[in-house]
Amino acid sequence: MTLSPRRFAKPGRLIPAGTGETVIRVLLLSCAGLAVITIFFILAFLLRDGYPIFLETGTTDFLFGTEWNPTGYPVAQFGIIPLIAGTLCVTLGAMAIAVPLGISCAICIARLAPPAVRAVVKPAIELLAGIPSVVYGFFGLIVLTDWIRATFGVPSGESWLAGSIILGIMALPTIISVSEDAISCVPREFAEGSLALGATHWQTIARVIVPGALPGISAAVILGMGRAIGETMAVLMVTGNAAIIPSPLWNVLSPVRTLTGTLGIEMGEVAAGTMHYHALFGVAVVLLAITLVVNLAATTIIGRLREQYAPGKMLGRAVPGILRVPRLSPGVREWAQKVLLVAILSLIGLPFAGIAGYCGCAFLFSLAALSWRRVTPRTTQKIAFFLISAATAAVLLILAVILSDILVKGLPALSIEFLTEPPRDLGRSGGIFPAIVGTLYLVAGAIGLALPLGIGAAIYLSEYRTEGRLTKIVRTGTELLNGTPSIVFGLFGFAFLVLFLKFGVSLIAGQITLGLMILPTVIRTTEEALKGVPVSLREGSLALGATQWQTVSRVVIPPAVPGIVTGAILSIGRAAGETAPILFTAVVFSQRFLPDSPFSPVMALPYHLYILATNIPGAGANRYGTAVVLLLLVILFYAVAIGIRTHYQKNTHW
Amino acid sequence: MSHDTIIATEGLNLWYGDTRALADVSIQVPDRKVTALIGPSGCGKSTLIRCFNRMNDILPGCRIEGKVIFHGENIYDNGADPVSLRRRIGMVFQKPNPFPKSIYENVAYGPRIHGIRDRRILDSIVEESLRRAALWDEVRDRLSRSATSLSGGQQQRLCIARTLAVEPEVILMDEPCSALDPIATAKVEGLIDELKKQYCVIIVTHNMQQAARVSDYTGFMYLGRLIEFGGTTQIFESPRDELTENYITGRFG
Ligand SMILES: Nc1ncnc2c1ncn2[C@@H]1O[C@H](COP(=O)(O)OP(=O)(O)OP(=O)(O)O)[C@@H](O)[C@H]1O
Ligand SMILES: [Mg+2]
């Protein structure tokens with residue numbers, strides 16, 4: 001063998017590569033830094049506009065006052081207890097519905113359904129997570145409240161019950177897909193070990209598999225709860241919005257008003273700088289604190305369970321995929337514990353919502369474990385499987401009813417004219433062209449902002465994380481931002497962009513608000529995709545003398561692209577369907593022309609549907625038409641994303 | 001030592017968080033020879049070998065004291081750049097880690113990042129590297145196939161070819177044969193014998209016979225310390241340290 005002469009210039013000394021690396025590093029770092037600045041701004045502006053109410057009304061009277069009457073004369077009253085009660089009631093009810101149904105359905109999909117059924121049902125459920133909340137609200141308002149009114153013989157069906165049902169349905173996809181993941185990830189050997197001892201399939205599920213998946217299932221329940229607490233539009237449309245504490249307390253037919261609903265309704269009508277205005281920001285601060293506590297609870301529970309089921313203690317098994325749930329960095333935990341102390345006073349009732357959730361799920365299993373002890377395991381199994389299958393069927397039925405109602409009544413309303421013409425007669429006739437274009441503008445702007453920023457921040461977090469402290473701050477920011485209800489983003493956009501920066505209600509304000517809202521999703525999905533690339537590949541590249549950026553751009557990013565694209569498309573879907581963030585920042589109801597500058601307001605599909613459904617009597621056909629267009633648009637994005645992911649999951653092997 | 005030293009450590013200590021993984025390691029590795037590192041599991045062989053090309057830098061919580069001298073320069077000096085160091089000190093990992101790209105792209109990756117664009121030169125580097133890694137005949141017809149479609153042994157030889165393609169001066173191998181069958185192992189061992197004509201090779205192995213077969217020098221490590229270092233024949237036939245002797249003769253916990 002001949003030895004070839006060395007082909008590369010070999011500098012005698014180990015001189016650092018050029019400045020390119022540094023420039024990229026700084027660029028990525030500034031992306032990450034912007035994420036921090038954002039969260040700082042959100043907090044700062046909410047507090048800035050919220051604190052006067054705590055001074056004026058007094059913290060105790062604000063948090064524990066039992067009367068919410070902001071326009072009362074001569075004395076306006078700002079006690080948020082009725083609102084907190086409303087949020088609690090609705091969330092509690094939603095969890096009571098969603099937890100047993102969702103977990104049963106997850107068990108069914110993960111362990112009972114034949115693979116062919118599973119292959120269809122699983123993506124279908126994920127698809128449903130994409131249905132915009134205003135569409136759920138629309139269905140609730142038109143169909144559900146009517147049904148409640150007729151069934152229970154009450155004057156109006158807009159009630160606690162309606163809110164709980166709709167929120168329960170909305171939380172189902174989250175609970176099902178996250179629990180299903182957790183259950184599927186329990187190692188096959190556990191189940192085999194149990195079956196080999198002569199346990200029935202059901203005993204194995206109830207005693208080995210479900211306990212093994214508990215961290216993931218808890219995460220699912222709490223994530224579902226977070227969604228329910230933060231939801232605005234659907235709740236606002238079906239709960240009747242009377243700021244009263246249900247009397248008696250278990251009167252599920254009483255109208256209620258939630259924290260989010262209050263913001264959604266009153267923010268548009270209040271004059272900036274008044275006490276009422278400040279009170280609403282106070283409400284947003286409370287809402288933010290609640291979601292923070294919920295997220296904190298989730299991560300703590302999961303962290304503790306993860307320790308219990310740590311792979312080392314558990315026969316050295318690999319960590320199930322679901323245990324990769326968001327973890328709070330120590331920095332956040334410290335910080336959040338301080339917040340927790342303050343917040344807990346106002347939130348004493350909240351844990352009950354979680355407890356109710358667990359009760360619902362415990363119900364199913366204790367029923368099996370206790371009351372059927374004397375029955376043979378075979379019979380127990382039959383009953384249990386029947387219940388689980390029934391629950392699954394119920395879930396599928398509910399979702400089928402919603403979709404078919406909207407499709408059947410909406411598709412006939414579609415026509416070329418409907419899609420290409422501006423609305424006439426307050427939207428009762430004419431089309432929705434400006435709304436479609438407005439939504440596309442909003443989404444394009446949001447994604448144009450969030451994608452580069454989010455991907456840059458994610459790359460920094462996952463590939464350049466040697467800075468310690470700074471990285472910790474960035475991660476903290478992202479985590480905090482991630483659980484924030486969308487209406488809070490709306491308020492921030494209103495206070496900062498519309499009023500403070502004097503953008504006015506405008507396209508650009510809406511784009512920025514939506515962009516900030518989806519930023520955490522982009523960061524998280526990108527980071528997860530990057531983390532999925534094995535460390536050994538990075539080492540392989542670095543060992544060849546590649547720089548950090550060469551390694552990242554040529555070895556790490558290419559295999560992560562499908563994951564990043566999936567995240568981006570899911571974000572697009574979410575941005576297209578959201579109403580709350582643009583409610584006070586970007587939209588107007590009726591506009592004949594397209595916006596001519598970024599500073600003019602736009603129409604948007606979700607908002608158009610909201611107004612048609614709630615404020616315009618006699619817009620029947622066009623309401624359904626709008627709902628169908630919005631639904632199809634968002635579902636299309638989600639379908640593409642899920643398709644990409646499934647395709648690459650099948651074809652990826654390292 | 002009778003040969004030129006290419007890389008040496010002086011009082012090298014390494015901590016992972018609070019655990020000390022290397023304690024006062026001083027070793028002088030000769031150029032154009034094969035040096036084997038042996039020792040019980042967890043004694044710090046991988047840790048030491050990864051110090052030579054600063055792969056430990058990317059591990060969080062890792063702290064290093066002492067010197068590693070490469071061509072008279074301490075590679076842990078503040079101004080020293082790990083990237084240009086790694087170009088000159090290549091590494092083959094225990095588990096084959098081909099990039100999820102084509103076979104051709106895997107080998108061409110190194111030359112490309114070091115600025116070679118000319119397709120003809122790349123072609124010849126790829127062919128030559130694959131030939132020297134004894135893989136060319138098996139893959140010449142399917143260079144554009146994905147590297148992950150190769151068998152484990154082929155993947156490992158591909159990783160060796162990939163390392164050869166950047167023409168380093170030192171090649172570090174961390175248990176390169178642990179995932180291979182006897183035939184593939186024999187091929188890699190033959191390759192190592194070839195390589196030492198031009199390169200310094202440092203190899204970590206658990207296989208005593210392998211160390212005896214391929215290496216010129218052997219170092220025995222125990223609990224983060226380098227217990228004994230010397231010619232392979234000397235270490236295997238007349239070890240000076242009792243620990244070494246116990247390990248080599250298999251009388252070891
Ligand atoms: N990334 C790490 N973080 C913390 N401790 C580590 C890490 N890598 C190795 N260690 C510890 O350092 C010590 C030396 O590990 P090293 O991998 O160098 O051993 P080794 O000699 O290569 O073992 P083996 O023959 O099993 O590969 C071990 O005690 C190990 O637990
Ligand atoms: Mg090792």
Side-chain angles (χ1 to χ4, degrees), chain A residues 1-22 25 329 461-468 471-472 532-562 648 651-654, chain B residues 50 53-55 57-60 70-75 77 79-101 105-106 109-116 121 124-125 128-129 131-132 146 148-149 159 162-163 165-169 172 194 197-198:
Chain A
M1 190 175 298
T2 55
L3 300 179
S4 60
R6 309 225 159 177
R7 248 173 298 232
F8 306 104
K10 307 263 183 185
R13 294 183 52 80
L14 306 171
I15 306 157
T19 48
E21 285 291 314
T22 325
R25 193 190 185 89
S329 49
L461 282 179
S462 109
E463 307 295 322
Y464 290 80
R465 55 191 162 154
T466 42
E467 255 85 343
T471 314
K472 224 178 263 171
V533 179
V535 182
S536 65
L537 291 186
R538 296 183 178 80
E539 291 190 334
S541 169
L542 290 174
L544 292 170
T547 60
Q548 184 77 13
W549 176 244
Q550 283 171 331
T551 302
V552 170
S553 61
R554 296 181 193 214
V555 173
V556 182
I557 292 183
V561 164
Y648 280 96
N651 300 328
T652 310
H653 38 76
W654 305 108
Chain B
R50 289 166 64 94
N53 66 343
R54 293 189 60 172
M55 285 309 278
D57 286 22
I58 59 175
L59 297 179
F70 177 57
H71 284 303
E73 199 182 339
N74 181 9
I75 64 172
D77 263 352
D81 173 44
V83 172
S84 42
L85 171 77
R86 291 182 194 132
R87 178 202 284 199
R88 297 164 71 182
I89 303 185
M91 182 159 200
V92 178
F93 297 82
Q94 175 169 4
K95 206 167 140 251
N97 57 350
F99 304 130
K101 300 172 186 276
E105 285 304 324
N106 261 276
Y109 178 86
R112 272 195 214 278
I113 58 173
H114 296 135
I116 294 186
I121 299 182
S124 73
I125 293 180
E128 191 189 310
S129 308
R131 275 188 195 285
R132 292 168 79 187
S146 167
T148 48
S149 69
C159 292
R162 191 174 72 183
T163 305
V166 297
E167 300 181 340
E169 294 161 51
L172 310 172
E194 264 319 302
K197 292 178 186 157
Q198 194 183 351

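Worth saying up front: this structure is predicted, and the values here are computed from it rather than measured. Naming convention: chains lettered A, B, ... in sequence-line order (proteins, then strands); numbering from 1 in each chain.
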Peer 1: So which atom in A/Ala543 and which in B/Met91 form the shortest heavy-atom distance, rounded to 0.1 Å?
Peer 2: CB-CB, 3.8 Å
Peer 1: What distance separates A/Gln550 CD from B/Arg112 CZ, expressed to the nearest 0.5 Å?
Peer 2: 12.5 Å
Peer 1: About how many Å separate CG of A/Leu544 and CZ of B/Arg87, when rounded to the nearest 0.5 Å?
Peer 2: 11.5 Å
Peer 1: Side chain, backbone, both or neither: which part of B/Met55 has a non-hydrogen atom closer than 4.5 Å to chain A?
Peer 2: side chain
Peer 1: Pick one of side chain, backbone, both or neither for A/Arg554, based on which atoms fall under 4.5 Å of a heavy atom in chain B.
Peer 2: both
Peer 1: With rounding to the nearest 0.5 angstrom, report the CD to CZ distance, A/Glu539 to B/Phe93.
Peer 2: 4.5 Å
Peer 1: Evaluate the side-chain proximity of B/Pro100 to A/Val533: yes if any heavy-atom separation is below 4.5 Å, no if none is.
Peer 2: no
Peer 1: Measuring heavy-atom distances to chain A, does B/Lys101 have an atom under 4.5 Å in its side chain, in its backbone, in both, or in neither?
Peer 2: side chain
Peer 1: For a quick test of reading the model, state the closest non-hydrogen atom pair linking A/Thr551 to B/Tyr109 and the distance between them.
Peer 2: CA-OH, 3.8 Å
Peer 1: Give, as side chain, backbone, both or neither, the part of B/Pro98 having an atom under 4.5 angstrom from any heavy atom of chain A.
Peer 2: backbone
Peer 1: Drop me the distance from A/Ser536's OG to B/Gln94's CD, to the nearest 0.5 angstrom.
Peer 2: 11.5 Å
Peer 1: For B/Leu172, which atoms come within 4.5 Å of any heavy atom of chain A: side chain, backbone, both, or neither?
Peer 2: neither
Peer 1: On a heavy-atom basis, which atom in B/Ile113 and which in A/Gly545 lie closest, and how many Å separate them?
Peer 2: CD1-C, 4.1 Å
